[in-house]
Amino acid sequence: MKSSDKRLGMGAAISRRDLIHGIAATALGAGMIRSGASQAATPGRVQTGLGNYAGPIADAVTYPPVREGMRGAHPGAFEAAHGRRDGAAYPAPVHTGETYDLVVVGGGLSGLAAACFYRRRFGPEARVLVLDNHDDFGGHAKRNEFVSDGRTLMTTGGSAYFVAPDQWTEQAKEFVKSLGADFTVKREETNPFAALGMRPATFLSRASGGDGRLYPHVHFTAPTPEFLKTANLPLRVRQDLAAVYHGTVDYMAGMATAQKIARLQSITYRQYLLDYVKVAPESLPWLPGVWCLSKTAASAWFAYFRYAPGFSTLGVARAPYSPEAPEDEAADFHMPAGNSDLARLMVRELVPQSLPQGTWQSLETVRLRYDTLDRPKAPARIRLNSIVVRVQHIGNAPVGLFEPDTREVAVDYMRDGKCSRVMAKNVILAGNNNMIPYLCPEMPEEQKAAQHKAVRAANQMTTVLIRNWEAFRKAGANHIDTPASFFGSFALDVPWAPNDGPPDMDPGKGAIVIFMTGTNSGILNNDTMTRAIMGTDMPDNLTMQQQFRMVRMGLLQTPFEVFERAVRTQMNDALGPYGFNAARDIVGITVNRWPHGFAMAQNSLFDPPSPTGEQPCEIARRQFGRISIANSDASGQDLCNTAIDQAWRAVEEMVPHNYGYYNRI
């Protein structure tokens, strides 16, 4: 080991590298690719360095939220599906003897909601099975837990908050309320670090062209003119950042408002910065992308809508309802462990033995019992580590009009290296739309083509347990921007306290630090991370979907060690002068990677408008025999409420309406 790695603590005893309960992912993954099999977590195979947990180490096997290392799309969760995509054979399925009224493929928020809606609609005796490829439920609504100083610390590993619940459908509002959460009652969301005088700061690393200094009370995505005059950055970079954030001239002078809007809609954000603001190419890495998009995947008009900088002097009204608008951000609802708290409540409804009764606040530190999720004879079961590879109707489809479809559906899935089959009267596909054509090749070509258009963004969120946060306190910083670096920022997670009371603010105790890509979790938002995981810059002439595919490939090939080294280096560089020592103070690291992250709508730069007005997501979600589709792709919006709405729609498609009248006779 190099001396520099030793100083960083790269040999520290944490849950390390790409391990599946102690098994090297590279060796295991190769075997899966060859066989098309999925290796699930099995008792007795444990990670040998679960440094954050004070209890029996076997709990890492029985309780997934405390697992560290490479999470999200963890090793073992996708290889068999990729094999199916690539045409690899899988073993002949063995019938388990199980038949269900409904099988749900995908245990994310939409899949869990669909299972709940189905049992509410058809009665508590309805038999439902939820199959999920991960070793935990919730999809992107992932919970990361750490134990420090006898306290349970939790945070989100994926979808972090609920967007504007006051605008949700009544169906979604009532559903959430019935589970034990009411998002219409606004929580008092305060940052206790601010009360201690801690503020955002900016660190300009030498590796990115800065001076290696921490600048207190400077938010790099809202830099003050004073900072830009004095920051030790190349002169042209400082000038360009000043032009973008504090320009006083109209960069599209001479054009009428309608002409400006038309032009902004036809060019990329990068083109706008280069051709109108006259930013130098070397300054672009210091500017973030737009939401989860790169500067070449977002139109300039979309960038303006999402509050990207550089447009304040245009004199053009911004379209309403931007998620970044202060009034809209104020309507968002945050839970301590993100949207995973809602997933837990849905699991409790399906499997009452998994959690006691109570509101989400009263259950926040109560560990869900995973041993109850898949019990024989239970009316609702959740089966994890199960990668579905085939969904097909058995028997002949109805030929004559008015004949009901009474076929059963066979669902084949890989688990523990074996292929099993269950039968279902109905199926809801609640996973990634891109996978559906490989699961159901019999679907109409138009529908499969529409499903292939649902290419998702690539995201990551890395959570780190530190021994204490004394260095943050000494630096007077609770959030540190690290522009033009692998991670664009890292911040102390706001600690949770029962009933929103005062949290434990002892800086001598452990805390969670969240490492973001940039302004959010979208990888394309950060040029430096994109380059690091791809090994090259993203070409300028690619469509949004092509960019997502390229960065996804890079993400899946990037080992845990790359993220770990960046965590340790960036924390040491920024906080080392204040007493932080990565080798001593970093206790645990969890990398939540989401190669199929945010569901995306069509992009006006690359996707022509539909001649019929029907969007690809509407074509893709059409019912196919006894198979319905519910996921965030079905709405083209990566939102919890739309996932719930699509789950409700998919279940309602299954309700028979036998009046003797039909829309085609």
Side-chain angles (χ1 to χ4, degrees), residues 4-10 12 14 155 191 193-194 196-224 227-228 230-234 237-238 241 285-286 288 460-494 507-508 510-521 525-529 532 562-591:
S4 58
D5 282 356
K6 188 174 182 179
R7 286 195 299 271
L8 288 174
M10 291 296 290
I14 63 170
T155 190
N191 191 323
F193 298 110
L196 300 177
M198 300 169 68
R199 299 287 188 273
T202 291
F203 179 74
L204 302 179
S205 72
R206 289 188 175 88
S208 61
D211 57 1
R213 286 178 53 199
L214 184 71
Y215 290 78
H217 299 182
V218 173
H219 211 326
F220 196 78
T221 54
T224 63
F227 166 74
L228 293 177
T230 60
N232 195 341
L233 286 171
V237 171
R238 288 191 286 116
L241 292 177
W286 295 91
Q460 77 80 39
M461 185 176 292
T462 296
T463 59
V464 177
L465 179 68
I466 56 175
R467 189 171 58 90
N468 61 63
W469 48 279
E470 291 280 10
F472 281 93
R473 183 185 61 81
K474 292 176 183 176
N478 64 317
H479 173 113
I480 299 177
D481 286 325
T482 51
S485 298
F486 185 84
F487 291 108
S489 65
F490 60 90
L492 285 169
D493 196 34
V494 176
I512 296 175
V513 182
I514 307 294
F515 281 74
M516 298 294 284
T517 305
T519 55
N520 59 65
S521 65
N525 181 280
N526 182 331
D527 293 344
T528 306
M529 179 179 282
V562 171
F563 292 87
E564 179 188 5
R565 179 173 283 105
V567 164
R568 293 179 179 277
T569 300
Q570 291 185 222
M571 289 196 80
N572 254 11
D573 289 349
L575 293 175
Y578 303 92
F580 187 85
N581 183 318
R584 177 194 65 206
D585 295 331
I586 290 178
V587 184
I589 301 176
T590 300
V591 176

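Predicted model only: the values in this text are computed from it and were never measured.
For the atom pair Asn572 CG and Gln570 CD, the distance stands at 11.0 Å (nearest 0.5 Å). Here the CG atom belonging to Leu8 is positioned 9.5 Å from the CG atom belonging to Asn581, to the nearest 0.5 angstrom. To the nearest 0.5 angstrom, Met198 atom CE is 12.5 Å from Lys474 atom NZ. With rounding to the nearest 0.5 Å, the separation of CZ in Phe490 from CE in Met571 is 5.5 Å. Between the CG atom of Asp585 and the CG atom of Asn468 there is a distance of 5.5 Å, given to the nearest 0.5 Å.
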CA sep, side-chain torsions, deciding dist, call: Phe227, His217, side chain to side chain contact (heavy atoms under 4.5 Å, CB included): CA-CA 10 Å; Phe227 166 74; His217 299 182; over 6 Å; no
Candidate pair Val513 and Asp493, rule side chain to side chain contact (heavy atoms under 4.5 Å, CB included), full reasoning: CA-CA 6 Å; Val513 182; Asp493 196 34; over 6 Å; no
Pair Phe472-Asn478, side chain to side chain contact (heavy atoms under 4.5 Å, CB included): steps then yes or no: CA-CA 6 Å; Phe472 281 93; Asn478 64 317; 5.7 Å; no
Side chain to side chain contact (heavy atoms under 4.5 Å, CB included) between Leu214 and Ile480, intermediate numbers included: CA-CA 8 Å; Leu214 184 71; Ile480 299 177; 3.9 Å; yes
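Distance alone, capped at 3.5 Å, places no donor-acceptor pair between the Gln460 side chain and the Ser521 backbone. Not one N or O on the side chain of Thr569 forms a donor-acceptor pair closer than 3.5 Å with the backbone of Ala566. When atom types are taken as modelled, the side chain of Ser485 and the backbone of Gly488 share no donor-acceptor pair closer than 3.5 angstrom. A donor-acceptor pair is defined here as one N or O able to donate and one able to accept, closer than 3.5 Å; no such pair exists between the side chain of Arg467 and the backbone of Ile586. Between the side chain of Arg213 and the backbone N or O of Leu204 there is no donor-acceptor pair closer than 3.5 Å.
Between Phe220 and Trp286, the ring-plane angle classifies as tilted under the 30° and 60° cut-offs. Ring pair Phe487/Phe563 is tilted by interplanar angle, where 30° to 60° counts as tilted.
Residues Ala201 and Ala477 come closest through the heavy atom pair CB-CB, 3.8 Å. Across all non-hydrogen atoms, the minimal contact from Thr517 to Asn526 is O-ND2, 2.7 Å. Across all non-hydrogen atoms, the minimal contact from Ala511 to Leu492 is CB-CD2, 4.0 Å. Of all non-hydrogen atoms in Thr202 and Pro483, the two that sit nearest each other are CG2-CD, 4.1 Å. Residues Leu241 and Leu233 approach most closely at CD1-CD1, 4.4 Å, considering heavy atoms. Considering every non-hydrogen atom in both Arg7 and Ala583, the closest pair reads O-CB, 3.5 Å.
For the pair Val562/Phe486, a side-chain contact is recorded, criterion being any heavy-atom separation below 4.5 Å from C-beta on. Annotation: side chain of Leu196 is not in contact with side chain of Arg473 (no heavy-atom distance under 4.5 Å). For the pair His219/Arg199, no side-chain contact is recorded, criterion being any heavy-atom separation below 4.5 Å from C-beta on.
For an aromatic pair to be called close, the ring centres must be under 6.0 Å apart, and Phe203 with Tyr215 fails this.
A salt bridge links Asp5 to Arg565: at least one charged side-chain nitrogen sits closer than 4.0 Å to a carboxylate oxygen. Taking a cutoff of 4.0 Å between a charged side-chain nitrogen and a carboxylate oxygen, Glu564 and Arg568 qualify as a salt bridge.
With 3.5 Å as the limit, one finds a donor-acceptor pair spanning the side chains of Thr519 and Asn525.
Around atom CZ of Arg206, no more than 12 heavy atoms belonging to other residues, nucleotides or ligands sit under 6.0 Å away.
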